[in-house]
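Report on the following structure.
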Amino acid sequence: MTTNPNYRESETKEGQRYKYVEIKGYQVIPIETHYIKPNESINFMIEEISKLSEENDYLVIAETPISVSQGRLVDEANYTASYKAKFLAKYWSKYFWGYILGPILGIKERTIKNLRKLPEEESERHKELVLDLYGWKHALKPASEAGIDLSNAPGTYVSLLPENPEKVAKEITENIKNKTENTIITLIIDTDATYKKGNKYFTGLPIAIPGIEANKGVFGYTLGQLSENLGSTPLACSREIDVDEAIKIANIAEDYQKSLSTAMETIYSVKKVLNSDTNEISLKSLDSIIHTPAVLIRKIE
């Protein structure tokens, strides 16, 4: 398990003290909160960000807290697996990708191990949901299909990607501008990868910022294993931004998240963090730890 980083302390021009870590020439300032509940407004988080923000800061927000706050949750227990979903879960993802194609393409060892131990019933229902909402192009992807998050939702619920994240990013920047007169750049990101081959940027995810070809599903994922993996995918930004700059800032935020002992990248890491069987995850257990749904990133002068 990861461990918490060594923090330093500073204060804003207005005298507001904060903790931060330095990563690649930037201050990374965590925005720590409780677990954001379904349909809960994130205005409380905006208030905290406003106290700490300065002109030209980047605000990087993970996609799941936005999705949960929008109520973008689906209960997979309501799905009954078809023969197609059973084939995809057991033979396609677990065996073909876990034992044949995954090793051939050199996908992450952690991903291969997770595929080989996929829980059958839950995986079948999950594939049925993906087929229903996104179709074969995304269902054929062995894991992290269509950006659906299994690791930060209670019970048998999963969260879909946010609705209109660009609008959300612009509204957050506008709200902070109104409160502070500071203009910040808001990025909403997903840990699923953006790849580069030649001069082309692409991702399997259904959405991404302009300049990254999105909605490639299994085709993007497969080609991505033969391409350069650039790291996290910026889904939306409050203004036009260079793709390389957006990815750089997204990866700095992700580097910080991975350094936390509460990092929950997969459904398996959730079990370790919460010291619980994944079937027992509840709102109460999710709320028992400190969450960091966002970070401010500030260039060190």
Look at Asp149 together with Arg72 and state whether they make a salt bridge at an N to O cut-off of under 4.0 Å.
no
Can the positive tip of Lys84 be found less than 6.0 Å from the middle of the six-membered ring of Phe87, inside 45° of the ring normal?
no
Please determine if Arg116 forms a cation-pi arrangement with Tyr99, meaning its NZ or CZ atom is less than 6.0 Å from the six-membered ring centre and no more than 45° off the ring axis.
yes
May I ask you to say whether Lys170 pairs ionically with Glu174, meaning some side-chain N is under 4.0 Å from a carboxylate O?
no
Salt bridge check, Lys90 against Glu124: does any charged N sit closer than 4.0 Å to a carboxylate O?
no
Do Glu121 and Arg125 sit within salt-bridge range, that is, some charged N less than 4.0 Å from a carboxylate O?
yes
Is Glu228 salt-bridged to Lys197, cutoff N-O under 4.0 Å?
no
Verify the distance criterion only: is there a donor paired with an acceptor across the side chains of Gln27 and Tyr18 at less than 3.5 Å?
yes
Do Glu14 and Lys51 sit within salt-bridge range, that is, some charged N less than 4.0 Å from a carboxylate O?
no
Within 6.0 angstrom of Tyr91 OH, more than 12 heavy atoms from elsewhere
no
What about Trp97 and Tyr221, are their ring centers closer than 6.0 Å?
yes
Hey, is the main chain of Thr183 close enough, under 3.5 Å, to the side chain of Glu55 for a donor-acceptor pair?
yes
Salt bridge flag under 4.0 Å for residues Asp255 and Lys24
yes
Would the distance check show the side chain of Ser67 and the main-chain N or O of Leu160 forming a donor-acceptor pair, the cut-off being under 3.5 Å?
yes
Atom CZ of residue position Arg239 - does it have more than 12 heavy atoms of other residues, nucleotides or ligands inside 6.0 Å?
no
Can Glu32 and Lys19 be counted as an ion pair, charged N to O under 4.0 angstrom?
yes
Keeping the roles fixed (side chain from Lys141, backbone from Ser144), state whether a donor-acceptor pair exists under 3.5 Å.
yes
Sidechain-backbone polar pair: Thr292 side chain, Ala294 backbone, donor-acceptor under 3.5 Å
no
Glu47/Lys179 salt bridge by N-O under 4.0 Å criterion:
yes
Give a yes or no answer on whether the side chain of Thr233 reaches the backbone of Thr194 with a donor-acceptor pair at less than 3.5 Å.
yes
Within the side chain of Thr186, is there an N or O that forms a donor-acceptor pair under 3.5 Å with the backbone of Leu59?
no
Between Tyr157 (side chain) and Ala77 (backbone), is there a donor-acceptor pair under 3.5 Å?
no
